[in-house]
J.: 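This is the structure I want to talk about, given as structure tokens.
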Number of protein chains: 2
Amino acid sequence: MEYSAKQLQIIAVAEKLFSKKGFEGTSVRDIAEVAEVNVSMISYYFGSKDKLIEALFELRITESRLRIEHILLLEDLTPLQKVNIMIDSTVDRLIDNEQFQKIMMREQLSSERTTIVSKYIRDMKIRNSELMKRLITEGQEAGYFRKNIDMSLLSITLYGTIHHAIATQDYYKTLNNIEHLSGEEFRSFLKMRLKRHLKSLFKSAVFNENHT
Amino acid sequence: MEYSAKQLQIIAVAEKLFSKKGFEGTSVRDIAEVAEVNVSMISYYFGSKDKLIEALFELRITESRLRIEHILLLEDLTPLQKVNIMIDSTVDRLIDNEQFQKIMMREQLSSERTTIVSKYIRDMKIRNSELMKRLITEGQEAGYFRKNIDMSLLSITLYGTIHHAIATQDYYKTLNNIEHLSGEEFRSFLKMRLKRHLKSLFKSAVFNENHT
DNA sequence: ACCTAAATCAAACATTCGTTTGATTTTCAT
DNA sequence: ATGAAAATCAAACGAATGTTTGATTTAGGT
């Protein structure tokens, strides 16, 4: 699907407000006001509020799919280097899409209804899982990594840690006495710390034999 | 605050519905219907929908505060044993309060407004941080743990992993081919795996010197 | 049995919600 | 310049929202 400049503007505003106040907590009038368009333009362009968030998901998830597939092309690297690149790239991707990640976190919590949005999320999770599985299996078959690695929990730690860092970033700032940092300064600080932390955790997890 | 049986019933229903559909996505009529009371009883007992969720937080957070403080009394254990007990107890506490944790995750995402609810969350986070800081510092001063441990990121990995496991448990089930497990069976399976996984991660993190 | 306070109820309240309508303006190829 | 399509608008729509009202029932102490 192609979107006009005005449609992209509405989607951007919707993303901002949904991430701040949630989907149900944001009215189409809120969006229209911030986007400086008439209320009816949202139905006119997207059909409904539900279709608007579907458009947002289609747009953002298509974007990030490209970034994931890029990693599969890596060659001439050790298994650990590939895993490290995967971690770096995941941290960058999620932190750079903070607002959309917040929306996704909320959507993951709302079980029950199987919507188009939940389909998007599931497809993306499958892709992420397959990437990690491929990287780790490669390392195991090459004799580098240990055998009994719990890939699904390792994946949950990767995404859970980054998501939780996003969700509690204000508290993280106060804990580390870095309230003075600007948004962009803090974001690169957090990326750096997260990458180091997660790579260190993963390194132990794929090499050490300290499971019971 | 003391609550009558009927009030506790309303709170329990509200917790269930808030966790499934979110605060804004749940109407007081939904709650009244499931709790089998008249709509006006919610205002009558709690004052408002906002006050209702505040009551829920007061109740649940007071409960869990007791479980946290219990750990501080531990003695005659190695630093690593204490950390392991803290992890076990955190996994149990969060998984056993799955519904409330979902509500908390959503509330953490809604920045902006500083409500009574966000005050509860912040206080609880401070307590959690102080507990972890104490346990780790103890281990460092005893010469067991290494010096440069990033406690705040370690804490984010602990809670982030458990939270993400709760949020994506359906996908985790399909990934591991355990859709046939009952709710309770799955919950104890997940607890077991999470404890093993997190204790292994923490053990490497506090001992190994593989940071850059 | 009586009385008061608590509990319960159906109904109404004023807002806000997402969406539609129908008229008007803008755009742009011809 | 003209005309048809696209874009924009204020206004209205019905449904749903949280809350209040005022009457009625229930409960429990005296």
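Below, chain A is the first sequence line, B the second, and so on; all start at residue 1.
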J.: Look at the aromatic rings of A:Phe186 and A:Tyr172 and report parallel, tilted or perpendicular, splitting at 30° and 60°.
T.: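 A:Phe186 vs A:Tyr172 ring planes: tilted.
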J.: With no hydrogens and no angle check, is any side-chain donor or acceptor of A:Lys49 less than 3.5 Å from a backbone partner on A:Thr26?
T.: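 Yes.
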J.: Tell me the interatomic distance from B:Glu33, atom CD, to D:dA16, atom P, rounded to whole angstroms.
T.: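 So the CD-P distance, B:Glu33 to D:dA16, works out to 13 Å.
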J.: Within a strict 4.5 Å, meaning less than it, do heavy atoms of the B:Leu8 and B:Leu59 side chains meet?
T.: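 Heavy-atom side-chain distance check passes, below 4.5 Å.
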J.: For A:Tyr3 and A:Phe46, take the angle between the two ring planes, folded into 0 to 90°, and tell me which bin it lands in: parallel under 30, tilted 30 to 60, perpendicular over 60.
T.: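 Correct class here is tilted.
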J.: In chain order, what residues pass the side chain to side chain donor-acceptor pair (under 3.5 Å) check against B:Glu184, with sequence neighbours excluded?
T.: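 Listed in chain order: B:Arg187.
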J.: Tell me which of A:Tyr45 and A:Arg29 sits closer to the 5' end of DNA chain D, going by the nucleotide each one is nearest to.
T.: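 In this pair, the answer is A:Tyr45.
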J.: Which part of the nucleic acid does A:Ser43 contact within heavy-atom distance under 4.0 Å: base, sugar-phosphate only, or nothing?
T.: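 It contacts base atoms.
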J.: Which residues within residues 34-41 of chain A lie with some heavy atom under 4.0 Å of an atom in DNA chain C?
T.: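 By residue number: A:Val39, A:Ser40.
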J.: Atom CZ of B:Phe46 to atom P of D:dG18: distance rounded to whole Å?
T.: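 Atom-to-atom, B:Phe46 to D:dG18, this comes out as 15 Å.
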J.: Base, sugar-phosphate alone, or nothing: which one does B:Thr26 contact when heavy atoms must sit under 4.0 Å apart?
T.: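 The residue B:Thr26 makes sugar-phosphate contact but no base contact.
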J.: If the threshold is 4.0 Å, N to carboxylate O, is there a salt bridge linking A:Glu130 and A:Arg127?
T.: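 Not counted as a salt bridge, because no side-chain N and carboxylate O are separated by less than 4.0 Å.
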J.: Is a donor from one side chain sitting under 3.5 angstrom from an acceptor on the other, for A:Tyr159 and B:Thr168?
T.: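 On atom types as modelled, these side chains do not qualify, holding no pair under 3.5 Å.
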J.: Is the shortest side-chain N to carboxylate O distance from A:Glu98 to A:Lys102 below 4.0 Å?
T.: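 Answer for the salt bridge query: yes.
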J.: Which is the 5'-most and which the 3'-most nucleotide of DNA chain C that has an atom under 4.0 Å from a heavy atom of chain B?
T.: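 Here the contact window of chain B covers C:dA6 to C:dA12.
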